[in-house]
Every structure is written in structure tokens, then in C-alpha cells.
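Read through the structure below, which is laid out as C-alpha cells, and then see the notes.
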Amino acid sequence: MSVAFRREDDDAHREPTFELPLPPGPNLVTARGLSLIEARVAELEAAVEAASDDEQKALRRDLRYWHARASTAEVQPLPAGDAVAFGTRVTYRLNGQTRTVTLVGSDEADVTDGAIPFTAPIAQAMMDAEPGEAVDYQGREGAIEVVAVEAV
């Protein structure tokens with residue numbers, strides 16, 4: 001029989017699975033962010049125990065990601081709140097609209113909740129700015145006006 005008609009096994013024809021990519025840069029977290037990571041690790045460890053063999057493979061991949069995030073987490077001290085920094089809630093005005101966001105770590109970010117990663121371009125543009133200061137953004141001078149900053 002020709003080699004073309006032999007079937008090796010089912011796994012040889014499946015799509016490869018890859019590890020979840022880690023965000024570049026330091027893994028800065030708030031105290032809340034670290035507790036969320038630890039809770040996710042505990043949740044996944046419990047799920048692995050109760051899962052079937054097929055489900056365990058995906059759960060273990062997720063667990064490796066969260067173990068890596070937990071082991072590299074750098075809890076940041078509470079900011080003073082007098083300038084935009086990691087862990088502050090910032091109210092700013094851009095294009096005539098006022099918005100409020102909290103600058104957090106990549107894993108804690110949730111745009112629907114107003115929490116954006118400190119690595120986001122808008123967060124980077126506002127970093128170290130004080131209330132009343134206008135900063136450049138996307139090639140426009142003074143595009144963002146920092147209205148208020150508070151430590152959270």
C-alpha cells in the first residue's frame with residue numbers, strides 16, 4: 001500500500017496548539033491585580049482536577065500562562081496621586097469628551113470597567129502629567145488635557 005494512504009494517527013492531523021503569548025515588558029501589578037492572578041491560578045488548578053483528558057490539555061496551557069504571570073508579578077506601591085502613574089485613576093479630556101480610566105497591569109485591564117493597561121499608548125502619553133497639564137498624543141500637540149488624578 002502506498003504511503004499516501006496510510007493513516008498515522010489523529011493527532012498528526014490536528015492544528016498545532018501554541019502557548020499563550022506573554023505581554024512584553026515588566027509584569028507590573030496592583031495588589032488587587034495580584035489577588036486576581038492568584039484567584040485565576042486556584043480556579044484553573046481546581047478545573048484541571050475535574051476535567052477530562054482532552055479538556056486538561058487546554059486548561060494546563062492556561063495554567064502555565066497564569067503561573068508565569070504570578071511568578072513575574074511586581075506589585076507596585078500605591079502612587080501619591082499628584083501625577084499620572086501606575087495605579088492612578090485619571091480623568092482626562094480628549095476631542096471634547098471627558099473620560100476616566102484607571103492605569104493597571106496588563107492582566108487586570110478591563111476596558112468595559114475603565115481599567116486600561118499602563119502600556120496603552122494613551123496611558124504612556126499621560127504618564128507623569130499633572131492635573132491641568134496638556135500632553136501630546138498621536139502627533140497632536142496638547143491633544144489630551146489631564147483634568148484630575150487620584151490614587152486608587
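All residue numbers refer to positions in the sequence shown, counting from 1.
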Self-check item: Worked verdict on Leu28 versus Phe118 for side chain to side chain contact (heavy atoms under 4.5 Å, CB included)
Solution: CA-CA 9 Å; Leu28 306 183; Phe118 72 100; 3.6 Å; yes
Quiz item: How many angstroms lie between atom CG of Leu63 and atom CZ of Arg40, to the nearest 0.5 angstrom?
Solution: 9.5 Å
Practice problem: Give a yes or no on whether Glu141 atom CD has more than 12 heavy-atom contacts from other residues, nucleotides or ligands under 6.0 Å away. | Solution: no
Quiz item: Are Phe86 and Val146 grouped together when hydrophobic residues (ILVMFWY) are joined by side-chain heavy atoms under 4.5 angstrom apart?
Solution: yes
Self-check item: Polar side chain donor-acceptor pair, Tyr137 to Asn95, under 3.5 angstrom
Solution: no
Practice problem: Decide yes or no on side chain to side chain donor-acceptor pair (under 3.5 Å) for Gln124 and Thr119, but give the supporting numbers first. | Solution: CA-CA 6 Å; Gln124 289 296 304; Thr119 55; over 6 Å; no
Practice problem: Applying side chain to side chain contact (heavy atoms under 4.5 Å, CB included) between Ser106 and each of Pro26, Pro23, Pro24, report the one that passes. | Solution: Pro23
Practice problem: Look at the side-chain heavy atoms of Ile, Leu, Val, Met, Phe, Trp and Tyr, link any pair under 4.5 Å apart, and say whether Ile116 and Ile37 land in one connected group. | Solution: no
Practice problem: For residues Ala73 and Val29, report the shortest heavy-atom separation together with the two atoms involved. | Solution: CB-CG2, 3.9 Å
Quiz item: Roughly how far, to the nearest 0.5 Å, is the CE atom of Met126 from the OH atom of Tyr92?
Solution: 5.5 Å
Self-check item: Same apolar cluster (I L V M F W Y, side chains within < 4.5 Å links), Val149/Met127
Solution: yes
Exercise. Working to the nearest 0.5 Å, report the span between CG of Leu44 and CZ of Arg60.
Key: 12.0 Å
Exercise. Would you check if the side chain of Glu130 reaches a backbone N or O of Ala83 as a donor-acceptor pair within less than 3.5 Å?
Key: no
Quiz item: Is there a side-chain contact between Val101 and Arg89, using heavy atoms and a 4.5 Å cut-off?
Solution: no
Self-check item: Closest approach of Gly142 to Asp136 (non-hydrogen atoms, all atoms of both residues)
Solution: N-OD1, 2.9 Å
Quiz item: Which atoms form the tightest heavy-atom contact between Ala123 and Leu103, and what is the distance?
Solution: CB-CD2, 3.6 Å
Quiz item: Just by modelled atom types, is the Ala115 backbone N or O under 3.5 Å from a matching donor or acceptor in the Asp110 side chain?
Solution: no
Quiz item: Are Ile122 and Val152 co-members of a hydrophobic cluster defined by side-chain heavy atoms under 4.5 Å apart?
Solution: no
Self-check item: Separation of Leu20 CG from Arg61 CZ (nearest 0.5 Å)
Solution: 4.0 Å
Quiz item: Within the distance-only criterion (no hydrogens, no angle test), does the side chain of Gln76 pair as donor or acceptor with the backbone N or O of Glu74 below 3.5 angstrom?
Solution: yes
Self-check item: Audit row: Thr91, Thr98, side chain to side chain contact (heavy atoms under 4.5 Å, CB included) steps and yes/no
Solution: CA-CA 7 Å; Thr91 301; Thr98 303; 3.6 Å; yes
Quiz item: Same cluster or not: are Leu78 and Val90 linked, directly or through other Ile, Leu, Val, Met, Phe, Trp or Tyr residues, by side-chain heavy atoms under 4.5 angstrom apart?
Solution: no
Practice problem: For the residue pair Asp53 and Gln56, establish whether any side-chain heavy-atom pair is separated by less than 4.5 Å. | Solution: yes
Quiz item: Say you draw a straight line from CG of Asp107 to CG of Leu22; how long is it, rounded to the nearest 0.5 Å?
Solution: 8.5 Å
Exercise. Compare every heavy atom of Arg32 with every heavy atom of Ser35, then report the nearest pair and how far apart it is.
Key: OG-O, 2.7 Å
Quiz item: Out of curiosity, Arg99 CZ to Ile144 CD1, how far, rounded to the nearest 0.5 Å?
Solution: 10.0 Å
Exercise. Would you check if the side chain of Thr88 reaches a backbone N or O of Val84 as a donor-acceptor pair within less than 3.5 Å?
Key: no
Quiz item: Pro79 and Ala85: which non-hydrogen atoms are nearest, and at how many Å?
Solution: CB-CB, 4.3 Å
Quiz item: Do side-chain atoms of Gln97 reach the backbone of Leu94 as a donor and acceptor pair under 3.5 angstrom?
Solution: no
